[in-house]
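Comments concern the structure below.
By convention here, the first residue in the shown sequence is residue 1.
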Amino acid sequence: ALQIIRLISLPLCVVERANLPRNMIENSMFEEEPDVVDLAKDSASFPVCSYEVAYEPRSSRLLVRGLGENDMDEDEEDCESSARLLGMSFMNRSSSHRPSSSPYTRQPPPRSCSRPSARTMVVCVLFLVIVASMTMVLYFLPGCTFTKTGCKPNKTTPIEPVYPESTNGTLFPWAQLRLPQSVHPLSYDLTLNPDLDNMIFSGRTVIDMLVLHNTKRIVLHSANLNITKATFKVGFKGEYKPAQQIAVKFTEDLKAGQHCVLTLEYSAKLSHTYDGFYNSSYTDKDGNKRVLAATQFEPLSARKAFPCFDEPAFKATFLVKITRKPNYKTLSNMPKANVTALPNGLLRDEFERTSVNMSTYLVAFIVADFTPISKNVSETLVSVYSVPEKKEHTEYALDTASKLLEFYNNFFEIGYPLKKLDLVAIPDFLAGAMENWGLITFRETSLLVGKQSSSLEKQVVASVIAHELAHQWFGNLVTMSWWNDLWLNEGFATYMQYTSLQTVLPHLDIVNVCFMRFRAMEKDALNSSHAVSTEVNTPEQVEEMFDSVSYEKGASILLMLKASLPGDGQFRKGIIQYLNQFSGLNTDTNDLWNSLTQVDVSTQHQNVSEMMSSWTSQKGFPLVTVSRKGDQVTLTQEHFLLTSDNATHTSSLWNIPVTYVNDSCSLAPECRQVFTLKTKSETLRLPESVKWLKLNYRNTGFYIVHYGDEGWAALRDALSSNVSVLTHEDRASLIHNIFALSRLGRVSVRHVFNLLDYMTNETETTPVLEALLQLNNLYRLLDKRQEHTLVARMKVYILHQFGSLMNNQTWVEEESVSKQELRSALLETACGLNEENCTQQAKALFQKYVDSNGTTRIPGDLQQVVFNVAAQSDEDWPTLLNMYEHVTYDAEKRKMLRGLASTQDARRIVWILNAGLKGDIIQTQELPLVINTVCNGFAGYLFAWDFIQENWDHLIEKFPVGSFAIQTVIKSVTSQFSTQAHLYQVKGFFSSLKERGAQMRSVQEALETIRLNQRWMDKNLPTLKKWL
Ligand SMILES: [Zn+2]
């Protein structure tokens, strides 16, 4: 799905939430046979549903997959028919008529009979016996209703579902959030008439549907649309707003196999938030306000632009028509087919029907006056669009997108299926980017870079493009069946973004994926985290899936799997197989593991499915503890669970591909040894002469390691005498792990600082960045607790540890991306701590910039530190604000904004928060960034906390409950609290919100984090005071 904007580098911590793992056995039992409807044969015998008769013979044989889950009409089925269905389903399953490789059949559940060996045969027979006996029991068991959750005993009467009341007062014929499976859309014709002068639109949607099971109703989604006309003249029509559903109900059954057409006419307002069909505006170079309209549908907002079956598994084709004024252009997923002049002076653009079946969340259209630049790549016309005055900033994106498209075409061995690919920079856009098929939309900062931009800025743009292009395969071509498996989209796109850039643009230095792993672990260590693949139902739960577990943890476990497979091509072969097998279809997590297992031919290697489901079906990750006695090394695993409640234990076990190196060979890949830890504890042998061990070679695994006092001491000694005995990733992982262990309460803060002693000799980017990040977090926590003496000592400590490295940094253009990253982190820390030398240099650069009227350049990676320093000055803050209002280059503009928000002047802080909410001088899309920056400083964090409490309703109107923006805001304002008083305040405020956000996982995370901060402080403050 979409690329989310990362603001926060430091999440810290939690409440119980039930994550129900999918019960695979139960689900497989409930599968029906896939429906195969032979239209050519049966069409004559089926009356088409009345009113609008439309039967178009498509291909002679229409196969429908994904209908496995029965209608969920369980509420209407009596016990007997359910049981029969189950029995039939079982008999068909075991009759093995279905070739399991057919794309139209579900894959067998993991560990079933795909490779029969004596052992698996026995297991399978046992399984069949159990299923058969359960079936018989159910068949003969009176008085029970079988539902997906099991057999529910009936009381005297069958359970009547409680139907909600629809808008017109009658009963709405459907009582669930997920749509019934009885009717499936085949194609949509959408006509949209946006009126940008009045910010409204009208539309007409024609949906061609196929009835799959007899039913008396059609239920679909619609939100905030005023339906004015529907073609079904008879039958109940109603809307149930809380579920954003509308329904048409009939007195007679629509029969399975029937084909019918529903036409709906409606009108609505263009949305003023960032989803649905929304309006946006920008100021052109002459100072005029220009308006435009664009869409953002993922995850649940297509229903706000047109009535539809708005779930990812309801794939269909789309034909889009849009009317416009002659001075506007329109864009949609497909190339334009024709333009018609209308009598009222407007033009109607019609786009080709999509040549692919796609999910509703990938539909997109834009009405704007953007200008493009284009280039042909293989069979595809690639274009980058922006507002006219930013056209010169589009070249890098075009060039990068072209290279990446070529790369993916070859890498996946499946060509990009559309004739065009547009990348569009939208002035008002909340996410980083959105992968709509053929029409990818971006924030301006994620797509536009100038010729002079630093390679670090280019790295950001290239990463976002690489991510969104990967989605054209992972997500668009093969789509998760439901949002519970969002990681199949996001984890993969994130994984591919690193993989592709390493090959296509190696000079961008995208080799370092450590930080992705570290940040995902921070969230995943909490009790409130969730399994990668987890049950979701409500819109808030769906929104909350867009988090670091789906993105970064998803990508991390894929990287771990790839590193553990023998041979480099194996993983790629597996994903090519997966894409081919499920092209155009929907999948779940098991489908992926099965594809990868099938490719895994080496006999000694373990089953991929078995290994990976331990990482996707349970939350959290393992802590591996190493203990040595003589030549015996014992590895023990447990759940790395940060919890303030010491009594919480889980018995989770992972299948961990443990890697290790030792002092005799520690750098080259050949040094790596592998050991699979599946049980609680295992022992391996090692010569006693080995001085130290380092596990998780180059940090490719998703686990943390505790070496015990002696193990840590040995590593510390080794690093103190020679930094280069370990790779820089290994050094960074030691730093990350020891901070995490301190938070868990396993090592004292004294040990943490002991390890950091080696860092006076450290010059590599990765370990330095990780150490700075951890120390800055600690600094901020102490600062917010008003531990003034400790804060002062901490400052001295940081400047001492990194002083010489800070002083070695230059203030002129630097080529290497990695050196830019190092320099900007060091100097931002130094200037942030008011280090004299740093602030002087920054002030001088800013003055030069102002004097030249913005024509001299501040090196891109130094802009942030320069603007931060300028913003602390009473005279320079207004100058910076003035620059912010006039600068056209967006990456620079954003850095100015962060600078402005870093002020420690209370009045300015209050002003900037309100300006972000108001949205004229500072775009509302930037409010999460503003809040995050304000919270980092001492002066603003309490203002920010007041601000979000006072403006909560306003905030959730702009940013949906559960969305990544709201997650960011909550984390920003609460993660630095560490006292009981703040804990009560935060608890009190969020619980008062009720349905306006009290149930969010982010709230549980916030509470957990505060408790953990509090615990850490209680435990470590005395030591810090004594020692620092
Ligand atoms: Zn994405």
Side-chain angles (χ1 to χ4, degrees), residues 1-2 66-67 69 71-72 172 174-190 192 201 203-210 212 217-227 230 238-248 262-264 266 268 271 273-278 295-320 332-333 354 357-365 434-437 475-476 479-486 489 536-546 586 960-963:
L2 52 176
L67 314 166
E69 283 76 10
D71 204 338
M72 293 198 196
F172 193 79
W174 187 244
Q176 298 178 31
L177 280 172
R178 297 288 299 275
L179 296 179
Q181 298 281 333
S182 45
V183 176
H184 205 278
L186 299 173
S187 71
Y188 292 79
D189 282 16
L190 309 178
L192 294 139
F201 69 102
R204 183 169 186 267
T205 295
V206 183
I207 313 174
D208 186 356
M209 296 165 289
L210 182 66
L212 302 168
R217 58 168 176 245
I218 298 172
V219 185
L220 63 161
H221 287 113
S222 165
N224 310 335
L225 304 177
N226 175 25
I227 310 251
E239 178 171 12
Y240 177 52
K241 284 194 169 168
Q244 306 184 327
Q245 289 168 353
I246 53 172
V248 187
L262 173 62
T263 303
L264 295 161
Y266 58 95
S271 162
T273 59
Y274 298 100
D275 62 342
F277 192 14
Y278 73 97
T295 56
Q296 167 61 45
F297 291 163
E298 191 180 26
L300 307 173
S301 294
R303 64 191 68 168
K304 294 180 180 169
F306 58 95
C308 57
F309 295 81
D310 200 8
E311 294 184 5
F314 287 109
K315 289 189 173 185
T317 61
F318 294 83
L319 185 147
V320 177
S332 185
N333 305 80
T354 59
N357 268 322
M358 57 190 242
S359 306
T360 44
Y361 79 89
L362 293 169
V363 175
F365 31 87
M434 173 65 211
E435 70 267 20
N436 314 301
W437 216 341
N476 300 11
T479 315
M480 73 267 143
S481 293
W482 179 242
W483 303 105
N484 65 319
D485 280 325
L486 178 67
N489 276 12
V536 291
N537 294 302
T538 66
E540 292 76 30
Q541 290 169 347
V542 170
E543 292 280 355
E544 285 194 307
M545 288 304 278
F546 293 84
N586 294 85
V961 173
S963 63

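A side-chain donor-acceptor contact under 3.5 Å links Ser359 to the backbone of Pro312. Within the 3.5 Å criterion, the main-chain N or O of Thr538 finds a donor-acceptor partner in the side chain of Gln541. In terms of modelled atom types and a separation under 3.5 Å, the side chain of Gln296 and the main chain of Glu298 share a donor-acceptor contact. Put simply, the side chain of Trp174 gets close to the backbone of Arg178: a donor and an acceptor are under 3.5 Å apart. Using a distance-only test at 3.5 Å, with no hydrogens or angles considered, a donor-acceptor pair links the side chain of Tyr266 to the main chain of Ala305.
Between the side chains of Thr360 and Asp310, at least one donor N or O sits under 3.5 Å from an acceptor N or O. Lys315 and Thr479 share a side-chain donor-acceptor pair at under 3.5 Å. No hydrogens or angles considered: nothing links the side chains of Ser481 and Asn586 as a donor-acceptor pair under 3.5 Å.
In this structure, OG on Ser182 lies 11.0 Å from CG on Leu210, to the nearest 0.5 angstrom. Residue Met545 holds its CE atom at 7.5 Å from CG of Asp485, rounded to the nearest 0.5 Å. The OG1 atom of Thr263 sits 5.5 Å away from the CZ atom of Arg204 when rounded to the nearest 0.5 Å. Atoms CG and CD1, on Leu220 and Ile207 in that order, are 5.0 Å from each other to the nearest 0.5 Å. Note that CG of Asn537 is 9.5 Å distant from CD of Gln176, once rounded to the nearest 0.5 Å. Atom-to-atom distance recorded for Glu311:CD and Leu179:CG is 4.0 Å, nearest 0.5 angstrom.
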Let's go through Leu319 and Leu190 carefully: what are the C-alpha distance in whole Å and the side-chain angles of both, what is the deciding distance for side-chain contact (heavy atoms from CB on, under 4.5 Å) to 0.1 Å, and is it a yes or a no? CA-CA 6 Å; Leu319 185 147; Leu190 309 178; over 6 Å; no
Please assess Phe309 against Ile218 for the test side-chain contact (heavy atoms from CB on, under 4.5 Å), listing each intermediate value before the final yes or no. CA-CA 10 Å; Phe309 295 81; Ile218 298 172; 3.9 Å; yes
Please lay out, stage by stage, how Phe365 and Asn333 fare under the test side-chain contact (heavy atoms from CB on, under 4.5 Å). CA-CA 7 Å; Phe365 31 87; Asn333 305 80; 5.8 Å; no
Taking it one step at a time, do Glu543 and Val961 satisfy side-chain contact (heavy atoms from CB on, under 4.5 Å)? CA-CA 8 Å; Glu543 292 280 355; Val961 173; over 6 Å; no
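Ring-centre distance between His184 and Phe314: below the 6.0 Å cut-off. Aromatic pair Trp437/Tyr361: ring centres not closer than 6.0 Å.
If you run side chain to side chain donor-acceptor pair (under 3.5 Å) between Lys304 and each of Thr273, Asp275, Asn224, Thr295, only Asp275 comes through.
Looking at heavy atoms from C-beta onward, Arg217 lies out of side-chain contact with Val248 at the 4.5 angstrom threshold. Ile227 is listed as a side-chain neighbour of Ser222, based on a closest heavy-atom distance under 4.5 Å. Side-chain atoms of Phe172 and Gln245, non-hydrogen and from C-beta on, do get closer than 4.5 Å to each other. Looking at heavy atoms from C-beta onward, Tyr240 lies out of side-chain contact with Val219 at the 4.5 angstrom threshold. Looking at heavy atoms from C-beta onward, Tyr278 lies out of side-chain contact with Ser301 at the 4.5 angstrom threshold. Pro185 places none of its side-chain heavy atoms less than 4.5 Å from the side chain of Asp208. Side-chain atoms of Phe297 and Asn436, non-hydrogen and from C-beta on, never get closer than 4.5 Å to each other. When side chains are defined from C-beta on, Asn476 counts as touching Glu435, because their heavy atoms get closer than 4.5 Å.
Taking all atoms of both residues into account, the shortest heavy-atom contact from His221 to Ala243 is CD2-O, 3.9 Å. Scanning all heavy atoms of the two residues, the minimum distance from Tyr188 to Pro307 falls at CE2-O, 3.9 Å. Of all non-hydrogen atoms in Leu177 and Pro539, the two that sit nearest each other are CD1-CD, 4.5 Å.
Between Phe201 and Phe277, the ring planes are perpendicular. Angles over 60° get that label, and only those under 30° would be called parallel. Aromatic ring orientation, Phe306 versus Phe318: perpendicular (interplanar angle above 60°, classes split at 30° and 60°).
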